[in-house]
Amino acid sequence: MCNCLFNIIKKMCYVNEKGNCFIKKELLVMDNNHIAQFFYKITEYLELKGENPFKIRAYSNAARIIESHTKDLSKITDIVELRKIKGIGESIAEKIVEINKTGKCSYLEELEKEIPKGLLDITTVPGIGPKKAAFLYKEKKIKSVDELKKYAEKGKLHDLKGFGEKTEENILKGIEVKDKFHGRMTIGQALPAAKEIINYLSKKLKIKQITEAGSLRRRREDIGDIDILASSDDNMPAKKIMDAFTASPFVKEVLAKGGTKSAIISHDDVQVDIRVVEKESFGAALQYFTGSKQHNIILRQYAEGLGFKVNEYGVFRLKDNKKVAGETEESVYKALGLPLIPVPIRETGEEIELALKGKLPKLVEKKDIRGDLHFHTVKSDGFNTIEEIVKDASAFGYEYIALTDHSQSLKVAHGVTEKDKLKQIETIRKLNEKNNKFKILAGAEVDILKYGDLDYPGNILKKLDIVVASVHSYFKFTRKEMTDRIIKAIKNPNVDIIAHPTGRLFGTRDEVEADWDEVFKAAAYYNTALEINSFPNRLDLKDIYCRRAKEFGVLFAISTDGHNTNQLEFIEYGINVAQRGWLTAKDIINTKSYSDLIKWLNRGQALQKL
DNA sequence: GCCGTTTTCGGCCCGACTGTTTTCAGTCG
């Protein structure tokens, strides 16, 4: 090891009296997501061990609960406090505390010693679950996907009990599929792909009810596979839909084809599942296949307490098995005394408890949004002129738009010089004088420089109607440096919105390291809004952060960061993020009328920000 | 492992499809 690296490690670690090396506590960067990963891993190992399924479920529930919890659990070291969270008991609370204090989980480490890591990879091969993986290890000592492939290729598996030639063939096919999948898709890829298939089937067969389901319908930011649900009736039997689907032009390979359920791999190497139910059950099936899994488990448990059974065919009274609901999703919830729970927040099950108390928020909707507050013109790296943007944004139903070209330092995006910025402001003022119906806000997306200063001087910033500030450089700053840098911009009295606050890009760049609770606290205190960037590869802030930031009292702007007017419609993705973050119209500044928005933008002087 | 109007033990959501076996276990959602 070179001296340089050795010195870095030495600075990061300390060695205890037993000679064990630990990362210094101040360097432990833990958040809910990191903690949840420990429990997801434990879940996988317990499955391989063939542990009690309910114990496994307890761990996977805990992982999901931790991941989506609105408080930062990494700062809690009190077991009693952690145990107040439903689903977290004595044992898991102890493990969270251990993780928070040491960055390690000894239980997981024991499991890692006991079970070869490669078995986890084997379970990612479609068709191979924990049981088969453990069996293969026991019988043939297979502990990696490569070894599994070699055995299957040589035909050395079909003599095993429960394994036939077909299984062997499917293993090889599964490995091939797995190699082609590069993780999950963004919602921006999955949704248009799903709509294309749905349109094709509904036009070809004139199916009355066909829609996306699963995490896609819940509008999660990333999607594993596409789920589609359709209804059948006397004129449109399920078989006809199965035949049309598996013979459609999208199909590269048929994975499974049954009477009511089929799965294919598309030419884009995406798995698409379809399920057909009779129209009398469509609502129940839609509820069921939309999930989440946890939402359904809680709903079914609750239903049982009321004397009902819920499945994909309907709600049934336990005493006489009489069906009491199922044709619409609303009827399913209504039969259980619940309002129709908004799709995007069906996640952990807490939404069911709150619905029972009548405490669900009225989520922001598309119709609430009155304008886009982050848009680029040809002046920097956009595609359209101001006139084109005004025309298209107006036709889109907006009352206003903020034109926020990049500032001068961002050369790659043709950042606008101070001189040109002043000219652009003048142009916008003149256009506004001529148009009373639609208003343009003169703005800029201003770079937050290395130490938190802005890329335009105060005299320019003061002339602008709206200032959107964002980080485009020095992404690798330490947590402390980045937190200070963003908060300095938040404090700047000229700044109205922090754009794409975490800077992540799906598949390209992780979010920057920062103490987000501190950032949210500052944004709330200094009344600076945080952006929900609707660009499908950003979706930044993400849903969980939105919900946490709201608890601090932060306001948000849902914007597209559009560079072309056909990207105005990306706003839907941002709205979905806001909905999944439990935000209402009141939390969003661009639901305000133009005059109210101007009042809000002028709040700085009244507040005398520090 | 978690939970409790059935509280310290006993139960924990539900069904389709596949491949194998011949009544079912494993996988998946």
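None of the values given here were measured: they were computed from a predicted structure. Below, read A as the first sequence line, B as the second, and so on, with proteins coming before strands; counting in each chain starts at 1.
More than 12 non-hydrogen atoms from other residues, nucleotides or ligands lie less than 6.0 angstrom from NZ of Lys257(A). Atom NZ of Lys71(A) is surrounded by 12 or fewer heavy atoms from other residues, nucleotides or ligands within 6.0 Å. Counting heavy-atom neighbours within 6.0 Å of Asp159(A) CG, excluding the residue itself, gives a total above 12.
Across dC14(B), dG4(B), dT18(B), the shortest atom-to-atom separation from the side chain of Lys86(A) is found for dG4(B). Of the candidate nucleotides dG1(B), dC13(B), dG19(B), dG1(B) has the atom lying nearest to any side-chain atom of Ile92(A). Checking dG15(B), dT20(B), dT18(B) against the side-chain heavy atoms of Asn311(A) singles out dG15(B) as nearest. Comparing dC3(B), dC13(B), dG15(B) against the side chain of Glu312(A) picks out dG15(B) as the nearest. Taking every side-chain heavy atom of Glu304(A) into account, dC12(B) is the closest of dA16(B), dC12(B), dT27(B). Among the nucleotides dT27(B), dG1(B), dG15(B), the one closest to any side-chain atom of Lys131(A) is dT27(B). Listed candidates were dG19(B), dG1(B), dC13(B). Nearest to the side chain of Lys55(A) is dG1(B). Taking the side chain of Lys95(A) as heavy atoms from C-beta on, and the options dG1(B), dT18(B), dG15(B), the nearest nucleotide is dG1(B). Picking from dG19(B), dT18(B), dG26(B) the nucleotide with the shortest atom distance to the side chain of Lys132(A) gives dG26(B).
Per the geometry, NE2 belonging to His295(A) stands 15 Å off P belonging to dC14(B), to the nearest Å. For Ile297(A) and dG11(B), the CD1 to P distance is 19 Å, given to the nearest whole Å. Separating the NZ atom of Lys293(A) from the C1' atom of dC13(B) is a distance of 10 Å, rounded to the nearest angstrom. Computed from coordinates, the Leu299(A) CG to dC14(B) P distance equals 11 Å when rounded to whole Å. Phe245(A) places its CZ atom 13 Å from the P atom of dC17(B), with the value rounded to the nearest Å. The distance between atom CD of Glu165(A) and atom P of dT18(B), rounded to the nearest whole Å, is 19 Å. Here dG15(B) presents its P atom at 10 Å from CG of Asn321(A), a figure rounded to the nearest Å. Remark: P of dC12(B) and NZ of Lys309(A) are 13 Å apart, rounded to the nearest angstrom.
Side-chain contact, Thr77(A) with Asn100(A): no donor N or O sits under 3.5 Å from an acceptor N or O. If you check the side chains of Asn576(A) and Gln579(A), you find a donor sitting under 3.5 Å from an acceptor. A donor-acceptor contact under 3.5 angstrom links the side chains of Tyr40(A) and Glu67(A), judged on distance only.
dC9(B) and dT18(B): their C1' atoms are spaced 38 Å apart (whole Å). Spacing between dT20(B) and dC28(B) at atom P, rounded to whole Å, works out to 16 Å. Taking the C1' atoms as reference points, dT6(B) lies 33 Å from dA16(B), given to the whole Å. With both ends at atom P, the span from dG1(B) to dT7(B) equals 23 Å, rounded to whole Å. Between dG15(B) and dT8(B), the two P atoms lie 30 Å apart (nearest whole Å). Atom name C1', nucleotides dG19(B) and dC12(B): the rounded distance is 29 Å, in whole Å.
Base-pair partner of dC28(B): dG15(B) (Watson-Crick or G-U wobble, both distances under 3.5 Å).
Tyr545(A) and Phe520(A) have perpendicular rings, their planes meeting at more than 60° on a 0 to 90° scale where under 30° would count as parallel.
For dC13(B), the OP1/OP2 oxygens have no side-chain nitrogen or oxygen of Asn296(A) closer than 4.0 Å. Look at Ser262(A) and you won't find any side-chain N or O under 4.0 angstrom from OP1 or OP2 of dC17(B). Residue Asn61(A) places no side-chain N or O under 4.0 Å from the OP1 or OP2 atom of dC2(B). In terms of phosphate contacts, Tyr302(A) brings no side-chain nitrogen or oxygen within less than 4.0 Å of OP1 or OP2 of dC12(B). Contact annotation: Thr260(A) side-chain N/O to dC17(B) OP1/OP2 distance is under 4.0 Å. Residue Ser91(A) places at least one side-chain N or O under 4.0 Å from the OP1 or OP2 atom of dG1(B).
Among the atoms of the strands shown, only primed sugar atoms or phosphate atoms (P, OP1, OP2) are found under 4.0 Å from some heavy atom of Ile88(A). If you check every strand for non-hydrogen atoms under 4.0 Å, Tyr313(A) touches sugar and phosphate atoms only. Contacts of Gly291(A) with the nucleic acid, taken as non-hydrogen atoms under 4.0 Å apart, are absent. Note on Arg57(A): a base of the nucleic acid sits closer than 4.0 angstrom, heavy atoms only. Among the heavy atoms of the strands lying under 4.0 Å from Lys257(A) are primed sugar atoms or P, OP1, OP2 only; no base atom is included. Within the 4.0 angstrom heavy-atom criterion, no nucleotide atom of any strand lies near Glu168(A). Across all strands shown, Phe54(A) has heavy atoms under 4.0 Å from base atoms, whether or not it also approaches the sugar-phosphate. Contact annotation for Lys166(A): backbone-only contact, meaning every heavy-atom pair under 4.0 Å involves sugar-phosphate atoms and none involves a base.
Between the side chain of Asn52(A) and the base of dG1(B), a donor-acceptor pair under 3.5 Å is found.
Comparing Val310(A) and Thr167(A), the nucleotide of DNA chain B nearest to each residue sits closer to the 5' end for Val310(A). Toward the 5′ end of DNA chain B lies the nearest nucleotide of Gln301(A), the other residue of the pair Phe163(A) and Gln301(A) mapping further downstream.
Counting only distance, with no hydrogens or angles, the side chain of Asn311(A) and the backbone of Gly314(A) share a donor-acceptor pair below 3.5 Å.
The side-chain hydrogen bond (donor to acceptor under 3.5 Å, both in side chains) test with Arg217(A) is passed by exactly one of Thr211(A), Thr290(A), Asp227(A): Thr290(A).
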